[in-house]
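Structure first, then comments.
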Amino acid sequence: MTVYVAQYIAIVFILYLLWKVFLDYKRGLMDWRGFVSWGLIFAVFILIAVFPVRVSYEIKDILGLGRGLDALFVVSIGLIFLLMFDMYLRIDQTEREITELTRKIAIELEEINERLKKLDEKD
């Protein structure tokens, strides 16, 4: 088995990203779901970096594609779409929460203004 410099670079980079995810989780910047998700994704990336040919051929055989590299590209594109869809759902939820909070604040501000007008009228 021939090991290339690119594999070493990829492994070091992925280990750095794993360490960063761990620190973010430890600091409370990431929830456990994100920690586990990113941990699994980076674990798969390490497997691909250590055994690129074997992994690509296994994926190729499972998907029935012609070449191993094609299989890696198909899986990568699929993962990217899943991540984009998850981000879309999170952004949509955040926008809904912001809209709801804005409505509540507007209603409370109107109530406060009405109370202040009533107090001004009493004086």
Side-chain angles (χ1 to χ4, degrees):
M1 180 172 109
T2 306
V3 180
Y4 298 100
V5 175
Q7 288 175 284
Y8 288 118
I9 293 170
I11 291 169
V12 168
F13 184 68
I14 293 167
L15 289 175
Y16 165 75
L17 292 174
L18 271 171
W19 179 250
K20 184 164 174 27
V21 166
F22 173 75
L23 290 178
D24 285 350
Y25 175 70
K26 190 175 176 183
R27 292 181 190 136
L29 300 174
M30 181 181 293
D31 62 350
W32 68 270
R33 184 177 147 222
F35 175 70
V36 170
S37 297
W38 284 111
L40 288 173
I41 288 170
F42 290 139
V44 169
F45 285 166
I46 285 179
L47 281 174
I48 292 171
V50 173
F51 307 108
V53 176
R54 186 172 184 181
V55 171
S56 67
Y57 280 120
E58 291 295 326
I59 294 172
K60 172 190 78 82
D61 291 340
I62 291 170
L63 296 178
L65 296 172
R67 297 181 305 180
L69 190 58
D70 293 344
L72 287 179
F73 281 127
V74 168
V75 171
S76 298
I77 291 169
L79 286 175
I80 289 169
F81 277 116
L82 285 175
L83 290 172
M84 286 178 51
F85 183 67
D86 184 56
M87 280 190 348
Y88 167 77
L89 292 177
R90 290 176 189 234
I91 290 170
D92 186 58
Q93 180 64 31
T94 302
E95 287 177 348
R96 290 174 192 266
E97 290 173 1
I98 289 171
T99 301
E100 184 64 28
L101 286 172
T102 304
R103 285 181 185 145
K104 287 181 181 179
I105 290 171
I107 291 169
E108 289 180 14
L109 186 60
E110 185 61 33
E111 290 174 359
I112 290 171
N113 285 335
E114 287 177 14
R115 289 181 193 161
L116 285 173
K117 283 181 186 178
K118 288 180 183 176
L119 286 175
D120 282 342
E121 290 172 1
K122 286 183 182 179
D123 290 336

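Since we're looking at a predicted model, the values are computed, not measured. Side-chain atoms are counted along with the backbone in the values below, which use heavy atoms only and exclude waters and symmetry mates.
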Could you work out, with side chain to side chain contact (heavy atoms under 4.5 Å, CB included) as the rule, every residue matching Ile98, not counting sequence neighbours?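 Here the qualifying residues are Thr94, Thr102.
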Quick one: list whatever passes side chain to side chain contact (heavy atoms under 4.5 Å, CB included) with Glu114, sequence neighbours left out. Glu110
Let me check something: do Leu101 and Leu109 share a hydrophobic cluster, defined by ILVMFWY side-chain heavy atoms less than 4.5 Å apart, either directly or through other members?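 No, it is not one cluster - the side chains of Leu101 and Leu109 are not joined through contacts under 4.5 Å.
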Applying a strict under-4.5 Å side-chain criterion to I, L, V, M, F, W and Y, I'd like to know whether Met30 and Leu17 cluster together.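 Linked, Met30 and Leu17 end up in one cluster.
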From CA spacing to verdict: side-chain contact (heavy atoms from CB on, under 4.5 Å), Glu100, Arg103: CA-CA 5 Å; Glu100 184 64 28; Arg103 285 181 185 145; 4.1 Å; yes
Report the C-alpha separation of Phe22 and Trp19 in whole Å, then their side-chain angles, then the decisive distance to 0.1 Å, and conclude whether the ring pair (Phe, Tyr, Trp, His ring centres under 6.0 Å) test is met. CA-CA 5 Å; Phe22 173 75; Trp19 179 250; 5.6 Å; yes
I'd like to check Leu79 versus Val44 (side-chain heavy atoms, cut-off strictly below 4.5 Å). Are they in contact? no
For the residue pair Ile59 and Leu65, establish whether any side-chain heavy-atom pair is separated by less than 4.5 Å.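 A side-chain contact under 4.5 Å is absent here.
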Separation between CG of Asp92 and CD of Glu97, rounded to the nearest 0.5 Å: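 Going from the CG atom of Asp92 to the CD atom of Glu97 covers 10.0 Å.
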Value rounded to 0.5 Å, distance of CD1 in Ile91 from CG in Asp86: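 Atom-to-atom, Ile91:CD1 and Asp86:CG are 10.0 Å apart.
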Between [X] and [Y], what is the shortest heavy-atom contact and its length?
X: Leu18; Y: Gly39; answer: CD2-CA, 4.0 Å
X: Ile14; Y: Phe42; answer: CG2-O, 3.5 Å
X: Gln7; Y: Val50; answer: NE2-O, 3.3 Å
X: Leu47; Y: Val55; answer: O-CG2, 3.9 Å

Decide side-chain contact (heavy atoms from CB on, under 4.5 Å) for Leu63 and Val74; before the verdict, give the C-alpha distance in whole Å, the side-chain angles of both, and the deciding distance to 0.1 Å. CA-CA 9 Å; Leu63 296 178; Val74 168; 4.1 Å; yes
Qualifying side chain to side chain donor-acceptor pair (under 3.5 Å) pairs, either residue in residues 55-71, two or more places apart: Arg67-Asp70
